[in-house]
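A quick write-up on the structure given underneath.
Everything numeric here is computed off the predicted structure, so don't read it as measured data. Here is the naming used below: chain letters follow the sequence lines, and residue numbers restart at 1 for every chain.
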Protein chains: 2
Amino acid sequence: MPHDIVKDFGYLTLGSRLRRLGEMVQANTQLIMQQHGIDLPAAHYPFLAAIDRNGPLTVGELADVIGISQPGATRTIGQLAEAGLLDLSVSDGDQRRKQVSLTKAGQDLVDYSTREVWPGVEAAVRNLCTDLDGSFLEQLASIEDGLKHRPLIERMTEDKETK
Amino acid sequence: MPHDIVKDFGYLTLGSRLRRLGEMVQANTQLIMQQHGIDLPAAHYPFLAAIDRNGPLTVGELADVIGISQPGATRTIGQLAEAGLLDLSVSDGDQRRKQVSLTKAGQDLVDYSTREVWPGVEAAVRNLCTDLDGSFLEQLASIEDGLKHRPLIERMTEDKETK
DNA sequence: ACGAGTTATATAAACGGTTATATTTCTCTT
DNA sequence: AAGAGAAATATAACCGTTTATATAACTCGT
């Protein structure tokens with residue numbers, strides 16, 4: 001009995017494999033954020049970060065920029081607004097558009113994360129993804145194994161220690 | 001206004017990015033199968049392929065081998081059984097276990113795919129993923145761009161033509 | 001200035017996955 | 001042989017996403 005069919009099938013099942021790995025990375029990231037007392041689905045951060053970086057954006061622009069469907073964006077924005085992190089207001093010139101901006105709490109969260117959390121996450125992921133070699137498939141396998149062997153959260157603290 | 005925030009954020013948003021790319025690849029694959037008259041969610045093939053390769057497996061074994069949760073496996077197996085591709089039967093020795101096997105239709109589908117479709121898909125994906133260089137992130141970008149520029153289905157036919 | 005078409009957002013339904021929990025069957029100790 | 005615990009599957013509830021569609025607001029040609 002094989003250990004991992006999706007891996008065995010190589011390029012044929014690349015799609016499943018990328019998705020699976022992506023979910024693992026997101027789960028790891030979310031855990032790190034939780035440890036900092038921030039309890040938000042990993043997929044929600046891009047919304048906050050996008051507005052922080054660009055200033056207020058409309059629902060459609062956010063969907064575009066983040067690369068999900070417009071209804072998906074509407075929903076996530078709704079949840080973030082509910083959580084008090086985003087603020088919706090009808091655009092001045094065009095009443096169809098809704099301008100989405102960060103609330104004070106949202107801005108604080110982004111500021112804190114930018115300062116205290118994300119650099120560590122970035123470093124941990126970078127650490128996971130460097131010094132790979134071989135075919136793309138082999139690199140993918142290395143990342144999978146690496147993540148299983150030492151989750152992102154350990155790669156952060158270790159970075160601090162060894163630095 | 002940026003074009004793609006998830007891309008811009010580099011390693012920080014690797015999770016989202018892998019998931020997104022995985023979905024794109026799966027959608028491409030599904031389209032190819034459809035063109036051959038096979039209309040099944042891309043994520044279902046591993047079940048058929050796993051049983052084809054290993055003989056009948058139990059629900060739990062399939063979940064393991066494919067790398068999803070047991071309830072997820074139960075559900076997908078149910079759908080494939082509904083579609084007449086899989087057959088469930090209680091195990092001989094242990095009445096808790098359910099042995100999952102391919103029906104004639106399921107076996108035919110696998111045989112046909114193995115002969116006529118999957119090699120092409122595999123080649124197309126391999127084509128997409130070779131001759132990459134740079135950091136893992138840069139390779140990812142190449143694949144994203146490559147897929148956008150020429151979908152898998154074109155990479156199959158082109159392979160045939162140029163061969 | 002009005003109506004046709006377009007654009008922006010919202011809503012609904014479906015899907016594939018998850019976790020938590022229930023149910024059934026087996027195993028093993030005494 | 002009985003009863004406790006373990007194991008396999010099923011069910012329920014939820015989540016984030018998707019497509020299709022509805023609704024509301026705008027634009028533009030006549």
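At a threshold of 4.0 angstrom between heavy atoms, the contacts of A:Q70 include nucleobase atoms, whether or not backbone atoms are also involved. Residue A:G72 is classed as a base contact, given a heavy-atom separation below 4.0 Å to a base. A:P41 comes within contact range of the sugar-phosphate backbone alone, with a heavy-atom separation under 4.0 Å but no base atom that close.
When each of A:S69 and A:D94 is assigned the nucleotide of DNA chain D bearing its nearest heavy atom, the one mapping closer to the 5' terminus is A:S69. Between B:Q99 and A:R96, it is B:Q99 whose nearest contact on DNA chain D lies nearer the 5' terminus. In terms of position along DNA chain C, the nucleotide closest to A:V59 lies nearer the 5' end than the nucleotide closest to the other residue of the pair A:V59 and B:I68.
Residues satisfying the salt bridge (Lys or Arg N to Asp or Glu O under 4.0 Å) criterion with B:E122, sequence neighbours excluded, are B:R126. The salt bridge (Lys or Arg N to Asp or Glu O under 4.0 Å) test applied to A:D145 returns A:K7, not counting sequence neighbours. Residues forming a side-chain contact (heavy atoms from CB on, under 4.5 Å) with A:D94 (at least two apart in sequence, or on another chain): A:R96, A:R97. Applying the salt bridge (Lys or Arg N to Asp or Glu O under 4.0 Å) test to B:R19 and every residue at least two apart in sequence or in another chain returns nothing. B:S69 meets the side-chain contact (heavy atoms from CB on, under 4.5 Å) test with B:P71; sequence neighbours excluded. Under the side-chain contact (heavy atoms from CB on, under 4.5 Å) criterion, A:S142 pairs with A:L132, sequence neighbours left out. For B:E138, the side-chain contact (heavy atoms from CB on, under 4.5 Å) test picks out B:S135, with sequence neighbours left out.
Less than 4.0 Å separates DNA chain D from at least one heavy atom of each of the following residues of residues 14-21 of chain B: B:R19. Of the residues in residues 78-92 of chain B, those with a non-hydrogen atom less than 4.0 angstrom from any atom of DNA chain C are B:Q79.
Sorted by first and then second residue, the salt bridge (charged side-chain N to carboxylate O under 4.0 Å, His left out) pairs involving residues 74-89 of chain A (not counting sequence neighbours) form an empty list. Residues in residues 31-47 of chain B take part in no salt bridge (charged side-chain N to carboxylate O under 4.0 Å, His left out) pair, two or more places apart or across chains.
With a cutoff of under 4.0 Å to any heavy atom of chain A, the contacted region of DNA chain D is bounded 5' to 3' by D:dG16 to D:dC26.
If you take NZ of B:K98 and C1' of C:dT25, they are 13 Å apart, rounded to a whole angstrom. The CZ atom of B:R97 sits 10 Å away from the P atom of C:dC26 (whole-angstrom rounding). Between the OH atom of B:Y45 and the P atom of C:dG16 there is a distance of 12 Å, given to the nearest Å.
Remark: the A:D52 side chain and the A:Q107 side chain contain an N/O donor-acceptor pair separated by less than 3.5 Å.
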Query raised in the report: Going through the checks in order, is the side chain to side chain donor-acceptor pair (under 3.5 Å) test met by B:Q70 and B:T74?
Result: CA-CA 6 Å; B:Q70 169 263 309; B:T74 295; 3.1 Å; yes
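For C:dA8, the OP1/OP2 oxygens have no side-chain nitrogen or oxygen of A:T58 closer than 4.0 Å.
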